[in-house]
Amino acid sequence: MASMPLLSSPFTTTTSQNPRIPSTPKFSVHSNRRLHFTSISCKSQDLQTAKPPPTSSSFEPKGTGAAAPSRGEILIERHQSKSAVAFVLKKAKKKKKAVKEKVSVSTACCYGCGALLQTEKEIDAPGYVDTETYELKKKHRQLRTILCGRCKLLSHGHMLTAVGGNGGYAGGKQFVTAEVLRKKLAHLKNEKAMIVKLVDIVDFNGSFLARIRDLAGANPIILVITKIDLLPKGTDLNCIGDWVVEATTKKKLNVISVHLTSSKSLVGIAGVISEIQKEKKGRDVYILGAANVGKSAFINSMLRMMADKDTVAAAARRYKPIQSAVPGTTLGPIQIDAFQVGKLFDTPGVHLHHRQSAVIHSGDLPLLAPQSRIRGRSFPAASGKIVDETITDLNGFSIFWGGLVRIDVEKVLPQTRLTFYGPRALQLHMVPTSEADKFYKNELGTVLTPPTGKDKAEIWPGLENLRELKIRFDDKGRPTCDISISGLGWIAVEPASKGIEMSEKDDDYNYGELHFRVHVPKPVEIFIRSPLPVSEAGGEWYEYRELSEKEEESRPKWFY
């Protein structure tokens with residue numbers, strides 16, 4: 001039988017004549033068997049009986065032939081693909097985490113203390129709200145108008161600590177550590193903001209925040225000195241302003257200006273508001289300071305003055321931060337809509353382990369807060385009956401400042417005087433140094449307070465920190481220095497007080513040095529500084545330093 005001729009068909013395969021160019025078949029089948037082609041008798045029969053084209057599984061696999069990638073290239077491509085997938089997943093995870101953090105920051109907080117609202121802990125825990133109130137406020141979108149249970153108790157005079165870990169014994173329930181509160185301020189150094197830093201004039205060194213740059217970064221600082229209404233009567237504020245600027249300049253901070261203020265009498269508050277409006281330039285304003293330095297009281301006084309002319313500030317006064325004598329009242333940043341542009345933030349106080357408030361029991365905290373003008377109490381006294389009038393020489397005596405400070409006088413001039421400036425609630429007692437240990441042991445908790453009560457005295461760690469001071473002096477006619485006790489007050493040292501008469505034999509006493517031994521609780525710090533010019537006498541002996549033109553330009557200006 002003669003073979004039939006091979007007819008052209010749409011399913012036939014054509015091969016290129018050039019061996020370097022791979023063939024491009026319309027449909028191709030790879031097999032070890034020979035290919036057989038079926039002849040077609042007619043076009044109509046072809047359309048009806050022709051087999052369907054081969055499936056995709058029978059096609060030539062992609063990447064084969066002369067231009068196929070090598071095995072090495074395939075391996076590299078696979079690794080690059082895995083790396084790209086890992087990068088995308090990592091980026092998505094990071095974005096998800098950022099969204100979570102953003103949500104947590106915007107979570108509703110108590111407007112009084114800044115603590116996150118919660119319904120699970122006890123009523124005196126920070127941020128506690130009963131479930132019914134929380135759900136009702138949430139339903140009406142009024143969570144920002146909630147005051148937590150702890151803030152309500154604080155506003156009624158209860159002393160509830162919420163911060164621990166400062167080195168002293170526990171003074172109540174502890175829910176937050178000082179380190180956690182400090183971390184809430186860590187973002188400020190990376191933001192463009194205006195920093196208003198508060199310092200207590202009664203505890204200038206203890207409340208200054210030595211590491212303020214770690215929080216504020218390079219942001220400009222307005223330094224506000226609070227509680228100047230507590231200074232002794234007759235104090236010349238010109239001398240105080242110059243003294244503060246002199247002490248601040250040595251710290252080399254980016255301070256724009258210094259303001260002496262009183263939140264109670266509103267003195268100096270208007271000047272701070274004017275300076276903030278002038279310098280903030282659309283930035284957010286953060287109020288920083290040590291715990292219990294008066295931040296919340298300062299903000300309330302600002303809103304009070306601004307409310308007369310600004311409706312925004314007047315509305316913000318309805319939900320203002322809580323004030324109390326407890327260090328750590330504010331536990332989170334509190335946003336206050338006080339300006340037309342930019343926000344005002346009250347921040348948690350920075351807890352310093354070296355202050356007396358970190359050591360004593362929460363019930364004794366009010367004893368450390370002066371309620372009225374402080375008055376200097378001197379030993380020996382030129383007048384009055386603080387000590388025996390026959391005692392005119394302090395050598396060999398010890399003076400107790402409550403149960404918190406003991407100062408042993410070892411070697412001073414016969415006419416040397418020590419003047420104590422601090423809370424009136426802390427009593428002063430003077431005994432011979434030889435009897436000081438026995439007196440402290442017997443009278444702690446009763447005569448020597450704080451700690452108040454024998455039960456607190458039993459767990460009191462004692463005055464474990466001892467510092468020996470050798471103070472040189474050149475001029476006997478003026479105070480030589482202040483011994484500042486962190487968180488309490490200061491002791492002015494006068495080598496030869498004018499109020500004490502000098503005998504002929506006193507001319508032989510010219511030591512040139514004064515020797516003291518100061519005992520305080522272990523975490524508390526002692527500072528030696530230039531004397532603060534308080535009372536009328538301060539204005540008489542204070543000397544203004546002559547400044548060069550360069551110093552005059554670089555020094556911040558102070559306002560009152």
Side-chain angles (χ1 to χ4, degrees), residues 104-105 107-118 124-129 143-166 171-188 193 195-200 207 209 212 215-216 224 226-227 263 284-303 316-338 343-352 355 357-358 362 365-366 368-369 487:
S104 65
V105 170
T107 304
C109 302
C110 168
Y111 73 82
C113 66
L116 295 176
L117 297 178
Q118 50 88 15
D124 54 354
Y128 174 81
V129 184
L143 290 178
R144 291 189 62 185
T145 66
I146 293 181
L147 192 67
C148 73
R150 174 175 173 267
C151 285
K152 292 178 181 178
L153 293 173
L154 288 173
S155 63
H156 287 83
H158 294 268
M159 307 299 291
L160 299 173
T161 58
V163 180
N166 285 331
K173 296 185 178 180
Q174 299 177 6
F175 302 96
V176 185
T177 64
E179 289 74 18
V180 169
L181 293 183
R182 195 178 185 97
K183 287 180 181 178
K184 292 183 179 181
L185 305 175
H187 66 94
L188 287 181
I195 306 298
V196 179
K197 171 180 160 61
L198 271 59
V199 178
D200 185 351
S207 64
L209 297 183
I212 183 63
L215 299 176
V224 175
T226 62
K227 306 180 184 179
S263 299
D284 292 335
V285 179
Y286 289 82
I287 310 298
L288 295 186
N292 217 31
V293 78
K295 296 184 300 298
S296 298
F298 172 75
I299 291 175
N300 291 339
S301 64
M302 276 186 59
L303 296 176
R317 286 194 68 195
R318 294 183 59 190
Y319 307 106
K320 56 188 179 182
I322 288 293
Q323 299 175 223
S324 79
V326 178
T329 299
T330 303
L331 299 175
I334 302 176
Q335 177 180 315
I336 304 170
D337 300 326
K343 306 294 183 183
L344 177 68
F345 288 90
D346 186 9
T347 62
V350 180
H351 289 258
L352 305 174
R355 301 183 76 193
S357 58
S362 60
L365 287 173
L368 300 185

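For reference, positions follow the sequence shown, starting with 1.
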Report the residues that fulfil side chain to side chain donor-acceptor pair (under 3.5 Å) with Lys227, sequence neighbours left out, ordered by chain and then residue number. Asp200
Take Leu147 and Ile322 through the side-chain contact (heavy atoms from CB on, under 4.5 Å) test and state the conclusion after the steps. CA-CA 9 Å; Leu147 192 67; Ile322 288 293; 4.0 Å; yes
Does the plane of the ring in Phe345 sit parallel, tilted or perpendicular to the ring in Tyr286? Use 30° and 60° as the thresholds. parallel
Non-hydrogen side-chain atoms of [X] and [Y] separated by less than 4.5 Å:
| X | Y | result |
| --- | --- | --- |
| Val350 | Leu288 | no |
| Leu117 | Cys109 | no |
| Pro333 | Pro348 | yes |

Looking just at side-chain N and O atoms, do Asp346 and Ser296 make a donor-acceptor pair shorter than 3.5 Å? yes
Within the distance-only criterion (no hydrogens, no angle test), does the side chain of [X] pair as donor or acceptor with the backbone N or O of [Y] below 3.5 angstrom?
| X | Y | answer |
| --- | --- | --- |
| Lys320 | Ile336 | no |
| Thr226 | Val293 | yes |
| Arg355 | Ala291 | yes |
| Asp284 | Lys343 | yes |
| Ser207 | Val199 | no |

So, for [X] and [Y], which heavy atoms are closest and what is the spacing to 0.1 Å?
| X | Y | answer |
| --- | --- | --- |
| His351 | Gly349 | CD2-O, 3.2 Å |
| Cys113 | Arg150 | CB-NH1, 4.4 Å |
| Lys184 | His187 | O-CD2, 3.2 Å |
| Ala338 | Leu303 | CB-CD2, 3.7 Å |
| Tyr111 | Ile146 | CD2-O, 3.2 Å |
| Ala216 | Ile195 | CB-CG1, 4.0 Å |

side-chain contact (heavy atoms from CB on, under 4.5 Å) between Gln323 and Asn300: does it pass, once the steps are laid out? CA-CA 9 Å; Gln323 299 175 223; Asn300 291 339; 2.5 Å; yes
Using side-chain contact (heavy atoms from CB on, under 4.5 Å), reason through Ile334 and Ile299 one step at a time and then give a plain yes or no. CA-CA 11 Å; Ile334 302 176; Ile299 291 175; over 6 Å; no
For Leu209 and Leu352: C-alpha separation, side-chain torsions, deciding distance, then whether side-chain contact (heavy atoms from CB on, under 4.5 Å) applies. CA-CA 8 Å; Leu209 297 183; Leu352 305 174; 4.0 Å; yes
For Tyr128, the side chain to side chain contact (heavy atoms under 4.5 Å, CB included) test, sequence neighbours excluded, returns Gln118, Ile123, Asp130
